[in-house]
Number of protein chains: 2
Amino acid sequence: MIRLFIAEDQRMLLGALGSLLDMEPDMKVIGQAMNGEEALREIHRLQPDVCLMDIEMPVLSGLEVAEELARSASPAKVIILTTFARPGYFERAVKSGVHGYLLKDGDIAELADTIRQVITGKRVFSPELTFHAIREENPLTPKEQEILRLAALGKTTKQITSELYLSSGTIRNYISEILQKLGANNRTEAAKIAAEKGWL
Amino acid sequence: MIRLFIAEDQRMLLGALGSLLDMEPDMKVIGQAMNGEEALREIHRLQPDVCLMDIEMPVLSGLEVAEELARSASPAKVIILTTFARPGYFERAVKSGVHGYLLKDGDIAELADTIRQVITGKRVFSPELTFHAIREENPLTPKEQEILRLAALGKTTKQITSELYLSSGTIRNYISEILQKLGANNRTEAAKIAAEKGWL
DNA sequence: AAAATCAGGTGACAATTGTCATATTTTTAT
DNA sequence: ATAAAAATATGACAATTGTCACCTGATTTT
C-alpha cells in the first residue's frame, strides 16, 4: 500500500485529489496540508512514501519544502504538481532532487501512474518541460532577484535603498544590469518577464 | 437528474470535479470544456441545467461567457467557480446575473449542495465575498483600464501612444489620474494593485 | 442658447529612472 | 601575499515619468 501525503492550497483540488487517489486500490492518503510549513511538519511526522506537492503555497513554497526535505535526507519521495511551466521552477525542483514534476494538466490516472513509477525509484517529468526552450537558466544573481522582487512590487529606488542598505546608485546599476539580462525596457517589463519565467 | 456542464481550464481539476460530481446520485455531467469559446458553443448545444464555470480560461473568460449567456437569455444557470476573491470579478459576475459564485476553497460536498440550491432558483454567493470591503467598485474608467493594462505589460508611454493614438501628454495625464485613484506611487505599483483587485 | 461636462491636448517643471565610465572596497583564488 | 573577481559606490547625463494648471473642441444638460 502506497502511503500518500498531499500538500495543496486550493482546498477543492486537495479534497478532490484526496478522494480520487484514495479510491485507487494500492494507495492510501495518510495526510494533507494547505501550506508548506504544515506540510513539512506532517511529512516528518507521518513519513509518507510519496508527497504530492503544489508549488505556490502560503508560508513555504513547495520548492522550499522539497529543498528542506532533501537537506534533511528525508526518505519521502516528492512529486511536484503545479499549474505553471515556469522554467525557473523546474530548474529548482530538479536541483533539489524531486522524483517527479507534473503539470496539473494531466488526468488523475496519469498522476496515479506517476506515483507508481516513482515508488519503483524512477523519476518522472512532464514531457512539456523536458523539451524546448523551457530549459532556460535563470540569468539573475540572487541579489538581482532580490532587487527585482522589490521593484516588481512597485517600490521605488529609494524604498529599495532603505530595505537593502545599498546606495540608490547601486540599486540603479543593478536594475540596469537586470534590464540588459532580460532584454526589458524598464522595471515593470522586467518584472513581468521574470515572473513568467518563474525567476522572481 | 441535474444535468451539469463544467468549464475549467485546469485539466486535473476538471477531471476530478467531473468524476466526483458524476458520483452524486442526482447529478450527471453531460459536457466539459477547457476554454470559454468551446464552453459557450457546447452550452448552447447541450442545454445543461447548471454550468460550473472557471473565470480565468483561454479565449473567453468565464465572465464573458456568463455575460453572453445572459444576453442570449439562455436558461442554463451559471455558477462561477474561481480561486480568486477579486472584487472586480465578483462585481461583474453579479451584474451578469449568475446564480452562484464560489471559491475553489470549499469542498466538493459544498459545491454539490450549491448546485442543488441553485436548481431550486436560489442564488448562492461565497460568504467571504458578500461581506467586508470586497465590495469595492472598480474606480477606473474603461480608458484608464485600457491604459493601465498596457502599462502593466511594461510598455512605455511612447509605446502606449502609438497603440492608442493619443498624445504622450494625455497618456501621462491618465496615468497620473490612475495613480491617484489607486493610491499608487508609480505604474508598477498601480498595475500590481489593479491586478490584485481584478480591475485590469 | 448658455452652461456644464468630457475627451483630448499643451507646456513647464521636478523627480525618478536608466546608462555609463570609473572608483573603492571586500572576497576569493593562486 | 598578491592578483583577480565581485560587490558597492559616485557622478554626470539623457530620457522617462509624474504633477499641475490651463486650453480646445465636442457633446450633453438644463
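Naming: A, B, ... by sequence-line order, numbering from 1 per chain. For clarity, every value in this text was computed on a predicted model and none was experimentally measured.
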Student: Looking only at side-chain N and O atoms, does Tyr174(B) come under 4.0 Å of OP1 or OP2 in dG8(C)?
Tutor: yes

Student: Within the pair Thr157(A) and dT16(C), is there a side-chain N or O less than 4.0 Å away from OP1 or OP2?
Tutor: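 Result: no.
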
Student: Please state whether the phosphate of dT16(C), meaning OP1 or OP2, lies under 4.0 angstrom from any side-chain nitrogen or oxygen of Thr156(A).
Tutor: no

Student: For the side chain of Gln180(A), starting at C-beta, report the closest nucleotide among dT17(D), dC20(C), dT10(D).
Tutor: dC20(C)

Student: Rounded to whole Å, how long is the line connecting atom NZ of Lys181(B) with atom C1' of dG18(D)?
Tutor: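 The answer, rounded to whole Å, is 17 Å.
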
Student: Between atom CD in Glu146(A) and atom P in dT8(D), what is the gap in whole Å?
Tutor: 10 Å

Student: Which sits closer to the 5' end of DNA chain C, Lys155(A) or Gly169(A), going by the nucleotide each is nearest to?
Tutor: Lys155(A)

Student: Find the distance Arg172(B):CZ to dA12(C):P and express it as a whole number of Å.
Tutor: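 Taking CZ of Arg172(B) and P of dA12(C), I get 12 Å after rounding.
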
Student: In whole Å, I'd like the distance from the CZ atom of Arg187(A) to the P atom of dT17(D).
Tutor: 11 Å

Student: Does dG8(C) have its OP1 or OP2 closer than 4.0 Å to a side-chain nitrogen or oxygen of Ser167(B)?
Tutor: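 Answer no for this pair, as no side-chain N or O of Ser167(B) is under 4.0 Å from OP1 or OP2.
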
Student: Quick one: the side chain of Asn185(B) and the base of dT17(D), do they pair up donor-acceptor inside 3.5 Å?
Tutor: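 Side chain to base: no pair below 3.5 Å.
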
Student: Ignoring backbone atoms, establish whether Lys143(A) has a side-chain N or O less than 4.0 Å from OP1 or OP2 of dA7(D).
Tutor: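 False: Lys143(A) side-chain N/O out of range (4.0 Å or more) of dA7(D) OP1/OP2.
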
Student: Please report the distance, rounded to the nearest Å, between NZ in Lys158(A) and C1' in dA14(C).
Tutor: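 These atoms are roughly 12 Å apart.
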
Student: Are Tyr101(B) and Tyr89(B) near enough that their ring centres are under 6.0 Å apart?
Tutor: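 No: the rings miss the under 6.0 Å criterion.
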
Student: Once you round it to whole Å, what is the distance between P of dT8(D) and CD1 of Ile147(A)?
Tutor: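 The answer, rounded to whole Å, is 8 Å.
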
Student: Please lay out, stage by stage, how Thr188(B) and Thr188(A) fare under the test side chain to side chain donor-acceptor pair (under 3.5 Å).
Tutor: CA-CA 6 Å; Thr188(B) 310; Thr188(A) 309; 2.6 Å; yes

Student: Could you check Val78(B), Val29(B), Leu111(B) and say which one makes a side chain to side chain contact (heavy atoms under 4.5 Å, CB included) with Leu52(B)?
Tutor: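 For Leu52(B), the side chain to side chain contact (heavy atoms under 4.5 Å, CB included) check succeeds only for Leu111(B).
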
Student: Regarding Lys197(B) and Glu91(B), does a basic nitrogen lie under 4.0 Å from an acidic carboxylate oxygen?
Tutor: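 Not counted as a salt bridge, because no side-chain N and carboxylate O are separated by less than 4.0 Å.
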
Student: Checking all strands, does Asn186(B) fall into the base, sugar-phosphate, or nothing category for heavy-atom contacts under 4.0 angstrom?
Tutor: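 It contacts sugar-phosphate atoms only.
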
Student: Whole-Å distance between dT17(D) P and Leu148(B) CG?
Tutor: 14 Å

Student: Does the side chain of Glu64(A) come within less than 4.5 Å of Arg92(A)'s, by heavy atoms?
Tutor: yes

Student: Between dT8(D), dT19(C), dC20(D), spot the one nearest the side chain of Leu166(A), thanks.
Tutor: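 The listed nucleotide nearest to Leu166(A)'s side chain is dT8(D).
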
Student: Measure the distance from CD1 on Ile175(B) to P on dG8(C) and round it to the nearest whole Å.
Tutor: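 So the CD1-P distance, Ile175(B) to dG8(C), works out to 15 Å.
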
